[in-house]
Amino acid sequence: MPASHSSLRIGVIGAGRLGTFHARKIRRLPDVELAGVADPVEVRRRALAAECDCPAWEDYRPLLDACDAVVVATPASTHASIVEECLLKDRHVFVEKPLTVSVAEGEPLVHRARKAGLILQVGHIERFNPAFQAALPHIRDPWLVETVRQGPFSFRSTDIGCVFDLMVHDLDLIRAIIAAPISAVHATGIAVLGPHEDTAQAELHFANGASALLKTSRIDRHPARWMRVWTRDAIIDIDFAARKTTVCHLGEKLRQGKLDITRLSGTELEELKHSFEPQCFDYRELFVSDQDPLEEELRNFVESVRTGHPPLVSGETGLEAVVLAEAVLQALDLRRLAEPWRTRTVREWRRAA
């Protein structure tokens with residue numbers, strides 16, 4: 001149901017790092033009022049309330065009475081219970097990714113929001129990254145997607161592993177460009193800092209023949225967030241951190257399969273060397289806007305609440321990412337440093353797959 005107030009009142013549940021970012025952005029949106037913040041940690045909620053000049057509550061329930069919509073920026077393991085209560089109070093909800101940490105928790109929320117006519121949006125911010133937006137028109141029938149998402153340990157999201165913390169971003173992006181059902185998943189990971197995986201790699205296969213290779217780590221010294229998409233006629237490189245997108249159009253001989261270097265003589269190879277890149281690979285850097293992804297996804301949320309139109313990343317869309325993340329975890333061969341490692345036989349690998 002669209003909001004009835006001329007000025008939309010949005011509350012923020014969670015005054016940590018992400019909640020702080022949301023509160024700051026909400027104050028900048030036109031015809032939007034930051035109704036208040038809620039967080040059980042007194043020092044955090046008081047600091048954010050003082051910065052944003054708004055009320056603060058220890059419990060989020062009184063905040064629901066003061067707003068039309070809420071942003072839920074709490075630990076992932078709390079999303080299901082908090083979002084459910086917000087929906088029961090007929091409040092539109094923007095919840096940070098992931099929607100929930102299981103399909104079983106997410107499905108009732110999506111159903112409840114749909115039945116009540118409420119907006120449920122999931123904060124998959126990379127959908128609004130201008131580098132990804134610039135790449136979308138050039139991605140047609142991808143057949144291989146490679147992703148890397150890694151960085152140092154953030155000391156946040158300790159209630160989940162790197163699959164739901166980081167890889168879920170790329171799983172959502174892959175679902176956005178590959179519509180086919182998933183047919184097989186293989187994954188491996190290592191738990192270093194606790195019971196959850198801290199680094200993981202996954203291989204996904206889809207019914208249309210497309211594949212995706214994903215690498216994620218939250219204990220890597222060198223931050224990186226990139227995606228490479230192979231199509232039949234181009235290679236698209238997306239750097240989410242630098243917000244840079246490059247399209248490489250493949251030459252006609254490559255597209256038609258007419259170049260076989262094993263059949264070339266030494267002279268022909270030497271000639272090809274001097275014209276290789278312009279003849280086979282035409283690189284072009286795309287224009288990427290300077291839009292703020294967080295501000296854009298909040299604008300999308302506000303517009304959806306006011307018009308009733310589905311947001312770019314709806315609850316249903318967010319649930320699809322949870323489906324893929326759960327599939328990766330179910331297939332995950334998790335190794336822990338404290339446990340002895342042994343080589344598995346081919347038969348064991350096949351049985352596990």
Side-chain angles (χ1 to χ4, degrees), residues 1-39 41 43-57 60 62-74 79 82-83 86 91-97 99 118-134 154 156-157 169 172 225 240-244 287-315 317-318:
M1 61 183 74
S4 57
H5 299 84
S6 57
S7 181
L8 184 66
R9 302 171 301 168
I10 301 179
V12 175
I13 302 176
R17 178 174 175 271
L18 286 177
T20 297
F21 289 158
H22 279 287
R24 290 169 178 168
K25 297 295 182 185
I26 289 170
R27 294 187 72 215
R28 296 173 52 182
L29 297 178
D31 300 318
V32 173
E33 173 191 346
L34 178 61
V37 299
D39 195 293
V41 180
V43 64
R44 291 200 309 207
R45 68 174 182 270
R46 285 187 178 275
L48 184 55
E51 176 187 342
C52 295
D53 190 25
C54 67
W57 290 271
Y60 65 87
L63 171 61
L64 299 182
D65 295 326
C67 63
D68 308 297
V70 292
V71 168
V72 177
T74 61
H79 286 182
I82 293 177
V83 172
C86 294
R91 298 298 180 261
H92 304 280
V93 179
F94 177 107
V95 57
E96 266 300 341
K97 63 81 198 166
L99 169 63
L118 294 168
I119 297 300
L120 175 58
Q121 182 171 337
V122 185
H124 283 284
I125 194 170
E126 297 289 33
R127 289 285 199 103
F128 296 85
N129 191 306
F132 182 71
Q133 291 290 327
S154 67
R156 302 186 305 274
S157 301
H169 279 295
D172 170 66
R225 291 185 289 143
F240 295 96
R243 297 184 187 175
K244 179 179 178 181
F287 169 77
V288 175
S289 75
D290 60 354
Q291 71 179 31
D292 183 322
L294 180 57
E295 188 170 321
E296 290 303 312
E297 69 174 352
L298 284 172
R299 287 182 183 276
N300 185 226
F301 178 58
V302 169
E303 181 182 2
S304 295
V305 170
R306 285 179 169 151
T307 65
H309 296 153
L312 178 61
V313 187
S314 64
T317 303

Please report the shortest heavy-atom distance between [X] and [Y], naming the atom on each side.
X	Y	answer
Gly315	Leu99	O-CD2, 3.8 Å
Cys52	Leu34	CB-CD2, 3.6 Å
Ala35	Pro55	O-CD, 3.5 Å
Ala134	Val288	CB-CG2, 4.1 Å
Leu63	Ala38	CD2-CB, 4.0 Å
Ser314	Val122	O-CG2, 3.9 Å

From [atom1] ([X]) to [atom2] ([Y]), nearest 0.5 Å:
X	Y	atom1	atom2	answer
Phe94	Glu297	CZ	CD	3.5 Å
Arg17	Ser154	CZ	OG	7.5 Å
Thr74	Ile82	OG1	CD1	3.5 Å
Leu64	Arg91	CG	CZ	6.5 Å

When Tyr60 is tested against each of Asp39, Val37, Ile13 for side-chain contact (heavy atoms from CB on, under 4.5 Å), which residue passes? Ile13
Using side-chain contact (heavy atoms from CB on, under 4.5 Å) as the criterion, point out the one residue from Val302, Asn300, Val305 that pairs with Ile119. Val305
Tell me, please, which residues at least two apart from Arg127 pass side-chain contact (heavy atoms from CB on, under 4.5 Å). His124, Phe132, Asp172, Leu173, Ala176, Leu312, Val313, Thr317
Only one of Asp31, Asp65, Asp68 clears salt bridge (charged side-chain N to carboxylate O under 4.0 Å, His left out) with Arg9; which? Asp68
Exam field: side chain [X] to backbone [Y], donor-acceptor pair closer than 3.5 Å:
X	Y	value
Glu51	Arg24	no
Ser304	His309	yes
Arg243	Pro130	no

Could you check whether any side-chain heavy atom of [X] comes within less than 4.5 Å of a side-chain heavy atom of [Y], counting everything from C-beta outward?
X	Y	value
Val71	Leu18	no
Glu295	Leu29	yes
Val32	Ile10	yes
Asp292	Lys25	yes

What verdict does the side chain to side chain contact (heavy atoms under 4.5 Å, CB included) test give for His169 and Arg225, after you've listed the backbone C-alpha separation in whole Å, the side-chain angles of each residue and the deciding distance to 0.1 Å? CA-CA 10 Å; His169 279 295; Arg225 291 185 289 143; over 6 Å; no
Evaluate the criterion side chain to side chain contact (heavy atoms under 4.5 Å, CB included) for residue pair His22 and Leu294; output intermediate values, then yes/no. CA-CA 8 Å; His22 279 287; Leu294 180 57; 3.3 Å; yes
The criterion is ring pair (Phe, Tyr, Trp, His ring centres under 6.0 Å); which residues satisfy it with Phe240, sequence neighbours excluded? none
One thing to verify: whether Glu303 and Arg299 come together as a salt bridge, which I'm taking to mean a side-chain N less than 4.0 angstrom from a carboxylate O. no
As a quick check of understanding, evaluate side chain to side chain contact (heavy atoms under 4.5 Å, CB included) for Ile26 and Leu298, giving each step before the final call. CA-CA 7 Å; Ile26 289 170; Leu298 284 172; 4.1 Å; yes
